[in-house]
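None of the values given here were measured: they were computed from a predicted structure. Numbers restart at 1 for each chain; the letters A, B, ... are given by sequence-line order, proteins then strands.
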2 protein chains.
Amino acid sequence: MPDTTDQDAALRIASGRKPFVEPLRLGERLREIRLSNQWTLEDVSQRTGLARSTLSKIENDQISPTFTAVQKLIGGLDIDLPQLLSPPRQQTRTMGRRDLTRRGQGDLHPTPTYEHELLSCELAQKRMIPFKTIVRARAFEDFSEWVRHDGEEFLMVLEGEILLYSEFYEPLRLECGDSIYFDSAMGHALVSTSEQDAVVLSVCTRGEAA
Amino acid sequence: MPDTTDQDAALRIASGRKPFVEPLRLGERLREIRLSNQWTLEDVSQRTGLARSTLSKIENDQISPTFTAVQKLIGGLDIDLPQLLSPPRQQTRTMGRRDLTRRGQGDLHPTPTYEHELLSCELAQKRMIPFKTIVRARAFEDFSEWVRHDGEEFLMVLEGEILLYSEFYEPLRLECGDSIYFDSAMGHALVSTSEQDAVVLSVCTRGEAA
DNA sequence: AAAATCTGTTTCCTATAGTGAACAAAAGAA
DNA sequence: TTCTTTTGTTCACTATAGGAAACAGATTTT
């Protein structure tokens, strides 16, 4: 055995890393999730493909689920593993915030091509950025280059009609009520094709998932 | 089963979460960690308390380790679980995806109180879930309990007029064009107050920040 | 009320994860 | 070379996880 081991052990202890993993009451957590969604064991069974009995045993810590079982769990319950393992539910579960924006009362940010109206802009630390945009541009040439930003964007046409130019696709005609979801790192640009300027509602993601 | 469940189910389906979890080459990852530390199977056995043979089988994907085994692994190797599971760091910097939904062409998911039309539901693994909802409910009593789900929600009234009931606030009247952003873990419920059923556009966040 | 349906638990049984020993291949040590 | 020692894999066996069905308690129906 190489010396590495001892040294690593020493470092590990020195680092103050918890030498033991806490019990991790997985069963407890599972039941918590199940009940909070008001699911019965049968429901969860349907979702995960695991037998009722198995689920019962897991919840009562009578068995230690196989990793494949855990995968079925997180898949079926549509949660991710950290969520399943983080019983510390006291996680400053930010909840209760609210930000109202009356029609036309958003923050205006005009540009040559667009006129943005930022919605819900009093709320910081949010994971989505909603805004209403009046599309002034009338031709693709109005843009000096692609609009491009990290994350994803959802967009619905509220008024008028637009042409969505994008880096990897042919231009797409969108009419009132149509919507589209796309990766906003892909270059994109909107132009109005209707008589009056078109109006679209957009929502972008912000920040980055780990 | 309360309405909550239906909506959650709808959202889950809409989210396009892959029904199966990918292989998750845990064995490969384990070997990677082991070799990078220049440990032998015996070393790891010492550290984790698992048998050499067991470790070998895990590395070769011949067995699916028990959750207790996984705990021994992360404890003994002094790593945390995400570390053990995040070898697929090749995270395709997804860009270029696109999903168009023409007006009225979304997936319908009716419930007693709402009629959801899921938008952009062909795209899996997205960070937002957009949907258009016809609000059928006419009174708060139509709900058996609060609608509630993790994450945040943005909402804009497209047609009609609604009353937004929420757990921590007084009911709020929203008219066409008004929008609001709130933590959706806070109980909430919408009712139409206009002649015809109101229509709102909602976007929810999904997934969990680590 | 009884009957029928659900809930969660428990009882088998089988499928499989985990262990120790045997194994073959490689690496030193003589 | 030959004899050890150490590597990883494979075998045989035991321990245990997972599933079908039976179970009892609660709830709903009739």
Side-chain angles (χ1 to χ4, degrees), chain A residues 1-8 20-21 23-77 81 84-85, chain B residues 1-6 8-9 19-21 23-77 81 84-85 112 144-145:
Chain A
M1 190 184 304
D3 179 51
T4 330
T5 306
D6 294 332
Q7 191 186 9
D8 284 349
F20 300 106
V21 186
L24 251 183
R25 308 284 297 188
L26 188 140
E28 193 179 342
R29 177 70 184 128
L30 173 57
R31 170 164 288 155
E32 197 176 308
I33 294 178
R34 182 172 64 85
L35 293 181
S36 76
N37 289 73
Q38 297 192 261
W39 287 330
T40 110
L41 284 184
E42 182 58 30
D43 291 333
V44 178
S45 174
Q46 298 284 345
R47 288 166 167 267
T48 61
L50 295 170
R52 281 214 313 280
S53 53
T54 305
L55 295 168
S56 169
K57 292 173 192 168
I58 295 178
E59 286 194 354
N60 295 346
D61 288 312
Q62 293 175 9
I63 62 175
S64 169
T66 277
F67 196 75
T68 55
V70 173
Q71 292 192 65
K72 289 181 185 175
L73 274 179
I74 63 182
L77 302 186
L81 216 153
L84 180 60
L85 300 186
Chain B
M1 196 181 299
D3 182 48
T4 325
T5 308
D6 292 333
D8 284 349
F20 299 106
V21 187
L24 250 183
R25 307 287 295 197
L26 188 142
E28 193 178 341
R29 178 67 183 137
L30 174 58
R31 171 165 286 155
E32 197 176 309
I33 294 178
R34 182 172 65 83
L35 293 181
S36 75
N37 289 74
Q38 294 193 272
W39 288 330
T40 119
L41 284 184
E42 182 58 28
D43 292 334
V44 177
S45 174
Q46 299 284 345
R47 287 168 166 264
T48 60
L50 294 170
R52 281 215 313 281
S53 54
T54 306
L55 295 168
S56 169
K57 291 175 191 168
I58 294 179
E59 285 194 355
N60 295 350
D61 287 312
Q62 293 175 10
I63 62 175
S64 169
T66 277
F67 195 76
T68 54
V70 173
Q71 291 192 66
K72 289 182 184 172
L73 273 178
I74 64 181
L77 302 186
L81 215 154
L84 180 61
L85 300 187
S144 52
E145 63 179 306

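- A donor-acceptor pair under 3.5 Å links the side-chain atoms of A/Arg34 to the main chain of A/Trp39, judged by distance alone.
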Can you check nucleotides 14-18 of chain C for protein contacts, nitrogen or oxygen pairs under 3.5 Å, and list what you find?
residue : atom : partner : partner atom : Å
C/dA17  : O3'  : B/Thr66 : OG1          : 3.4
C/dG18  : OP1  : B/Thr66 : N            : 2.9

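- Between A/Glu28 and A/Arg31 there is no salt bridge, since no side-chain nitrogen of the basic residue lies less than 4.0 Å from a carboxylate oxygen of the acidic one.
- Judged by distance alone, with hydrogens and angles left aside, the side-chain atoms of A/Thr66 form no donor-acceptor pair with the main-chain N or O of A/Thr68 at under 3.5 Å.
- With values rounded to the nearest 0.5 angstrom, A/Arg52 atom CZ is found 11.0 Å from A/Asp43 atom CG.
- As rounded to whole Å, 13 Å separates atom P of D/dT7 from atom CD of B/Glu59.
- Atoms CZ (A/Arg52) and C1' (C/dT7) sit 8 Å apart, rounded to a whole Å.
- Taking atom CG of residue A/Asp43 and atom P of nucleotide C/dT5, one finds them 18 Å apart after rounding to whole Å.
- Distance, B/Glu42 CD to D/dT5 C1': 13 Å, rounded to whole Å.
- To the nearest 0.5 Å, atoms CD (B/Glu42) and CG (B/Leu55) are separated by 9.5 Å.
- Considering only side-chain N and O atoms, B/Arg31 lies under 4.0 angstrom from the phosphate OP1 or OP2 of D/dT9.
- A/Leu30 CG to A/Leu41 CG: the interatomic distance, rounded to the nearest 0.5 Å, is 8.5 Å.
- Rounded to a whole Å, the CG atom of B/Leu35 is 12 Å from the C1' atom of D/dT7.
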Take A/Leu50 and A/Val44, measure what side-chain contact (heavy atoms from CB on, under 4.5 Å) needs, and give me the verdict at the end. CA-CA 8 Å; A/Leu50 295 170; A/Val44 178; over 6 Å; no
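- Atom CG of A/Leu41 is separated from atom C1' of D/dA24 by 15 Å (rounded to the nearest Å).
- Taking only side-chain nitrogens and oxygens, B/Ser56 comes nearer than 4.0 Å to OP1 or OP2 of D/dT9.
- In this entry the distance linking CD of A/Gln71 with C1' of D/dG18 reads 16 Å, nearest Å.
- An OP1 or OP2 oxygen of D/dG8 is reached within less than 4.0 angstrom by a side-chain nitrogen or oxygen of B/Thr40.
- Taking atom CD of B/Gln46 as the reference point, atom P of C/dG20 lies 12 Å away to the nearest angstrom.
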